[in-house]
There are 2 protein chains.
Amino acid sequence: MFTSQPIGFVSSPYKRTGEIPKGLGAKHEAEGVLKILPEFEPGLTDIEGFSHLIVIWEFDRSERFELLGTPPSDNRPHGVFATRSPRRPNPIGLTTVELLSRQGVELHVRGVDMLDGTPILDIKPYLSSIPSEKLRRGWLAEAEARKRQ
Amino acid sequence: MFTSQPIGFVSSPYKRTGEIPKGLGAKHEAEGVLKILPEFEPGLTDIEGFSHLIVIWEFDRSERFELLGTPPSDNRPHGVFATRSPRRPNPIGLTTVELLSRQGVELHVRGVDMLDGTPILDIKPYLSSIPSEKLRRGWLAEAEARKRQ
């Protein structure tokens with residue numbers, strides 16, 4: 001296995017976990033900056049051509065993992081691999097962001113939901129989507145339906 | 001930072017890198033099994049309700065990273081963070097698969113592009129898509145256009 005190393009850090013408006021919008025209907029419209037370390041700058045070549053990026057990052061302020069937990073969007077417990085809980089066996093987070101602009105090693109993006117200072121592990125281009133009519137969203141769709149009742 | 005640990009392993013028809021479809025128009029329709037280690041089984045609770053999963057895994061047979069590389073889909077070099085190259089600073093791969101069925105700790109899925117025996121680091125539910133009309137795909141769209149000419 002490998003030991004993770006940061007390729008950069010997130011600059012985000014969120015300083016504390018409680019400030020991040022969570023639960024049903026939460027919108028992630030916040031703007032932030034992915035500040036890549038200078039030694040990795042060549043890896044950003046041609047990234048400007050992509051509208052959306054997948055950011056893989058580390059839940060560096062999360063402790064222990066919890067295989068069953070109750071997410072903010074429901075009042076019932078679900079398995080960690082069926083949620084986006086921070087308490088995961090490998091503390092890896094994933095966020096899809098919209099790339100607004102690049103200035104050297106700084107990627108200005110919309111849609112951050114990470115804490116300020118979060119270590120970035122990887123960035124990949126977002127290449128294709130599952131058509132919405134083919135997507136089933138399990139307990140989350142059920143929790144949304146219960147909320148609407 | 002953290003040291004990665006496998007939560008399970010991929011059972012895939014691909015034994016060698018050369019067997020995995022790559023490049024422009026490559027289809028990932030292969031079926032495989034995500035075999036989760038028994039101690040993590042409670043983490044799979046309610047996963048059956050999701051049609052698609054994001055699998056985060058380790059490029060365990062990839063060596064060194066390369067910040068600029070020429071992908072199989074183009075004859076020009078691009079930055080590693082603008083490609084899905086295996087030679088990444090953190091050797092983390094990501095694949096979206098369709099969940100066909102669950103049998104205990106075995107998730108039968110369609111769309112694997114990993115080698116047989118690949119360590120799985122995390123599984124997350126696929127919750128939403130970027131509408132295709134909002135997606136720009138940079139050098140990849142350009143390489144596709146050149147190929148059609």
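It should be emphasised that the depicted structure is a prediction, and the values quoted were computed from it without experimental measurement. Numbers restart at 1 for each chain; the letters A, B, ... are given by sequence-line order, proteins then strands.
Considering only heavy-atom pairs separated by less than 4.5 Å from chain A, the leading option among B/Arg76, B/Glu142, B/Lys134, B/Arg84 is B/Arg84. The greatest number of non-hydrogen atom pairs below 4.5 Å with chain A, out of B/Ser51, B/Gly49, B/Pro42, B/Pro131, is found for B/Ser51. For the options B/Ile47, B/Leu140, B/Ile92, heavy-atom pairs under 4.5 Å to chain A are most numerous at B/Ile92. Top candidate by heavy-atom pairs under 4.5 Å with chain A, chosen from B/Gly69, B/Pro77, B/Gly138, B/Pro6, is B/Gly138. Counting heavy-atom pairs closer than 4.5 Å to chain A, the top residue among B/Ile54, B/Leu121, B/Val80 is B/Leu121. Most heavy-atom pairs under 4.5 Å with chain A: of the set B/Thr83, B/Asp60, B/Thr45, this distinction falls to B/Thr45. Contact count against chain B (heavy-atom pairs under 4.5 Å) is highest for A/Gly43 among A/Ser132, A/Gly43, A/Gly79.
A/Glu58 touches chain B through its side chain: at least one heavy atom from C-beta onward sits under 4.5 Å away, while N, CA, C and O do not. Within the 4.5 angstrom heavy-atom criterion, only side-chain atoms of A/Ile56, from C-beta onward, approach chain B. At a 4.5 Å heavy-atom cutoff, the contact between B/Glu39 and chain A is made by backbone atoms alone. Contacts of A/Pro119 with chain B are made by side-chain atoms alone, with heavy-atom separations under 4.5 Å and no backbone atom involved. Heavy-atom distances place the side chain of B/Arg88, and not its backbone, under 4.5 Å from chain A. Contact of A/Ser4 with chain B is made through backbone and side chain together, with heavy-atom distances under 4.5 Å. Both the backbone and the side chain of A/Leu94 come within less than 4.5 Å of a heavy atom in chain B. Heavy-atom distances place the side chain of B/Leu68, and not its backbone, under 4.5 Å from chain A.
Counting only N and O atoms by type, the side chains of A/Thr17 and A/Tyr14 include no donor and acceptor under 3.5 Å apart.
Atom CG of B/Leu44 is separated from atom CD of B/Glu48 by 8.0 Å, given to the nearest 0.5 angstrom. Going from atom CG of A/Leu135 over to atom OH of B/Tyr126 covers 6.5 Å, rounded to the nearest 0.5 Å. Here NZ of B/Lys22 is found 9.5 Å from CD of B/Glu19. Values are rounded to the nearest 0.5 Å. Within the model, atoms CZ of B/Phe40 and CZ of A/Phe65 stand 4.5 Å from one another, a figure rounded to the nearest 0.5 Å. Here the CZ atom belonging to A/Phe81 is positioned 9.5 Å from the CD1 atom belonging to B/Ile120, to the nearest 0.5 angstrom. Residue A/Ser12 holds its OG atom at 10.5 Å from CG of A/Leu34, rounded to the nearest 0.5 Å.
Using a 4.0 Å cut-off between charged nitrogen and carboxylate oxygen, A/Glu63 and A/Arg87 do not count as a salt-bridge pair. A/Glu144 has no carboxylate O lying under 4.0 Å from a charged side-chain N of A/Lys147, or vice versa, which leaves the two without a salt bridge.
When the heavy atoms of residues 96-114 of chain A are compared with those of chain B, the residues falling under 4.5 Å are A/Thr96, listed by number.
The two atoms that bring A/Ala82 and A/Trp139 nearest to each other are O-NE1, 2.7 Å, heavy atoms only. Pairing each heavy atom of B/Pro86 with each of B/Ser62, the nearest pair is O-OG, 2.9 Å.
You'll find the side chain of B/Phe2 stays beyond 4.5 Å of the side chain of A/Thr3, heavy atoms only.
The neighbour count for A/Lys15 NZ, taken as heavy atoms of other residues, nucleotides or ligands under 6.0 Å away, is above 12.
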